[in-house]
Structure formats: C-alpha cells, structure tokens
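Please read all numbers here as calculations on a predicted model, not as lab measurements. We count ligands from 1, going down the list as the structure has it; atoms in each ligand are counted the same way.
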Amino acid sequence: MNHIPMRMCVACRKMYPQNELIRFVRDNETGEVKIDEGKKLFGRGAYICKNADCVKKAEKKKGIERHFKCAVPNELYRQAEELV
Ligand SMILES: [Zn+2]
C-alpha cells in the first residue's frame with residue numbers, strides 16, 4: 001500500500017492527500033513564491049485544496065503570505081483559480 005502524504009489547506013485547514021492540493025513553493029534563492037505544478041520544486045510548501053472557495057478565502061486571508069511571511073502577487077491566486 002502506498003503512503004500518500006497528507007497536507008493542510010491554508011484556507012479551510014483540513015487535511016488532504018497531497019495530490020488533491022495546489023502546491024505553492026518559495027524559491028530559496030529569489031524568495032519568489034510560485035505554483036509547483038509539476039511537484040518537482042524544492043523548498044517549503046504551502047497548500048490550497050482544489051476548491052475555488054478556498055482559493056478566494058486564502059487570498060482574502062492572505063493565507064499564502066502568512067505561511068511564507070512574504071508578499072505574494074495576486075496573479076498567483078488567479079493562476080491557482082485556473083487549477084481548481
Ligand atoms: Zn481548503
């Protein structure tokens with residue numbers, strides 16, 4: 001049996017299997033936060049479940065900003081909305 005890692009959505013704070021979440025990663029060198037679509041980027045991750053309400057909620061509550069303690073462009077949330 002494969003173990004699927006569980007991660008928490010920054011908006012609803014529920015745990016989901018990693019593949020049901022959108023992963024955000026902060027680049028250690030540039031400090032830039034990106035969406036990790038290929039699940040290949042290294043670095044600390046933040047997650048939002050694939051639910052349009054959670055993306056909106058995370059944007060409103062600045063969930064990703066608070067997780068990484070840095071600014072995040074609104075565009076990143078628009079990109080996330082396209083993935084839900
Ligand atoms: Zn959620």
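Asp53 pairs by the salt bridge (charged side-chain N to carboxylate O under 4.0 Å, His left out) definition with nothing, not counting sequence neighbours. For Lys61, there are no salt bridge (charged side-chain N to carboxylate O under 4.0 Å, His left out) partners two or more places apart in sequence or in a different chain. With sequence neighbours left out, the salt bridge (charged side-chain N to carboxylate O under 4.0 Å, His left out) criterion links Arg78 to Glu59, Glu81.
Tyr47 and Met8 end up in different hydrophobic clusters when Ile, Leu, Val, Met, Phe, Trp and Tyr side chains are linked at under 4.5 Å.
Around the Zn ion (ligand 1), protein atoms of type N, O or S found under 2.8 Å number 4.
No option in Leu83, Ile64, Val84 other than Val84 meets the side chain to side chain contact (heavy atoms under 4.5 Å, CB included) test with Val55.
For the pair Ile35 and Ala80, the tightest heavy-atom approach, listed with the atom from each and the gap, is CD1-N, 3.5 Å.
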